[in-house]
Structure formats: C-alpha cells, structure tokens
Amino acid sequence: MANTHNVTEFIFLGLSPNWEVQRVCFVIFLLLYVAIVLGNSLIVLTVVTSRSLGSPMYFFLSYLSFVEICYSSTTAPKLISDLLAERKTIPWWGCMTQLFFMHFFGGAEIFLLTVMAYDRYVAICKPLNYTTIMNQQVCMVLVGMAWVGAFLHSLSQILLVFQLPFCGPNVIDHYFCDVLPLLQLACSDTLLIGLLIVANGGTLSVVSFVVLLVSYVVILLHLRTRSSEGRRKALSTCGSHITVVMLFFVPCVFIYMRPSTTLPADKMVAVFYTVVTPLLNPVIYSLRNAEVKKAMKRLWTRAMKLGGT
C-alpha cells in the first residue's frame, strides 16, 4: 500500500454547526474540563498525602485519576478552543499525536481497571494472603504492565493508521482524530486495516469487559459467606468499581466493536467516554468511600490551617 500523505491538515466539523450552540458548549465543556482536572487532582493529592489511604486499592486509584486527567486532556482542550474557532483544523502530525495519546491513556485506563478488579478479588476472596500477594513490588509491576500494555495497544493502532494514504478529502465529521473517522478519508481499500483495528481496539475492550464482569460476579458470589457488615463495605467498594467499568466500557464497545463505519450518535457517545466518565470517576469514588471522604476532610483542614497562618 502506498504511503501517500498529500493531506497536510484535517478539518473538524465539531459538535454542531450552530454558532450559538457552540458558544453554550464552550462554557459547558470548559467548566467540565476544569472539574475533571481539579476533581482527579484532588484524589491524587489526597492519596499521596494521606497515611490512611496506603492500601493498594488507593494506590491504583491515584494512578487511575492521573490517567483520567491525561485522557481527557488529549481531546478536551482542542474541543474547547475549536468551539470558538470559525475554522477547526489540526495538522496531520497533530492528528496522529492526538490519536496515539488518546489510545495510550485509554488503554492504560482499561488495564488499570482490570488491575483494580484483581486487587478487589484478592482482598475479598483471599483476605489472609492479601498483604503478601499485593505487596508494594507487585503493585508497581502491575502498574508498569498496564503502561506497557497501553503503549503496545496504541502503537499498533497508530502503525495501522500510518499506512493509510490520505490524498484528497480532509474533513472529519468529529471533534477529534480517531481511527474510524480517518478510515473514511483514506483513498484506498480499508477493509483489512479496519478489521485489524476492530480486532485490536474492539477485542481489547470486549475481552477486558468480560474479564471484569466475571471477576466481580465471583466476588459477589463469595460475599454470601461474609457478615452483613463485611458484605455492606465490600459491596460499596465494588459498586463504585462496577459503575466506573460500565460507564467507560459500554461506550467503548459501542464505538470500537464495529466495522469501519461511523454513526451520527458517535460524537455524543465519544463525549460520554472522553468527558463525562473522567468527570464522574472522582465523584463516584469519593462519595461512595468513607475513607476517601475522611482523608479529603483532613486534607482540607490542614490546608485551612496553613492558609490561616
């Protein structure tokens, strides 16, 4: 396949052609992005500074919050600035960069959610061996494997897109660069590459989703032998994880487990997993976790004392 790139930039159609709608969306998405950064940064800061949140679960949660900031930052700033721009363009190299980091941080989130499910499985099903199995070294290795897996996933996606020749149309009916809209612009047969992309991104999402669901089913079945108090605490923690998993994976499966076609609903679904889910994660984990709420209150008290002095 000839590697031809006559196209030097791409033009986004954005969320809406209506200028009034764009201005309203600018305010909404600006506020949402600020909330994402502040909310997830607060979780990272709380976990790092609190001795009571030293368990592996919170260690993984801090990494997940960091990934959420990075993941939303691959698309949200460009979306926000484009909402005030008459012509929404991105250079070819910028498009490839955005594509790489979006799948890199998205893949990292998938693997971290899987690691967090394994952590809950060990904590609930093998409580006596939990500290031995999930020691600090193991936690670091699991996080490292998540980053490596995300890099390999993103690299394979970007290498497939790099093979596509873009020699004519350059208008993307979206607000960021992604593999399926780019396949529509390629001036060659993209059937094979489209199938490979689905096999990579779609299979990763579906397999991880199934593994996560099975692990939580096993955990819930195991909880039948626990006391009512133990069941309540474990269900509260697992409920937060399951909610986050559903919010992230269902839209991803909808987008990437399809042939190389785009649907009118794709942009709204993409808003959900690139903006809404990173926004809801800190809310879900903080409101449903008493220890996180207490640690945040202590952090706030210390900050107020320092501010008063």
### Query
Do Y273 and S72 get their side chains close enough for a donor-acceptor pair, meaning under 3.5 Å?
no
### Message
F10 vs F166, test: ring-ring contact (aromatic ring centres under 6.0 Å, His included). Steps then yes/no.
### Response
CA-CA 10 Å; F10 294 100; F166 299 103; 5.4 Å; yes
### Task
Ignoring hydrogens and angles, state whether a donor on the side chain of Y33 or S73 is under 3.5 Å from an acceptor on the partner side chain.
yes
### Task
Please test F29 against V271 for side-chain contact (heavy atoms from CB on, under 4.5 Å), starting from the C-alpha separation and ending with a verdict.
CA-CA 10 Å; F29 283 104; V271 167; 3.8 Å; yes
### Query
Do R23 and E20 sit within salt-bridge range, that is, some charged N less than 4.0 Å from a carboxylate O?
yes
### Query
Side chains of K78 and F12: closer than 4.5 Å at any heavy-atom pair?
yes
### Query
Under 6.0 Å between ring centres, would you say that holds for F209 and F249?
yes
### Task
Measure across T75 and M102 and return the closest heavy-atom pair with its distance rounded to 0.1 Å.
CG2-SD, 4.3 Å
### Message
For Y121, I'd like to know if atom OH has over 12 heavy atoms of other residues, nucleotides or ligands within 6.0 Å.
### Response
no
### Query
Is it true that atom CZ of F101 has more than 12 heavy atoms of other residues, nucleotides or ligands lying nearer than 6.0 Å?
no
### Query
Have S52 and R298 got a donor and an acceptor in their side chains that come within less than 3.5 Å?
yes
### Query
Is the shortest side-chain N to carboxylate O distance from K88 to E9 below 4.0 Å?
no
### Task
Apply the test ring-ring contact (aromatic ring centres under 6.0 Å, His included) to residues F100 and W93: give CA-CA distance (whole Å), side-chain angles for both, the deciding distance (0.1 Å), then the verdict.
CA-CA 11 Å; F100 175 83; W93 62 266; over 10 Å; no
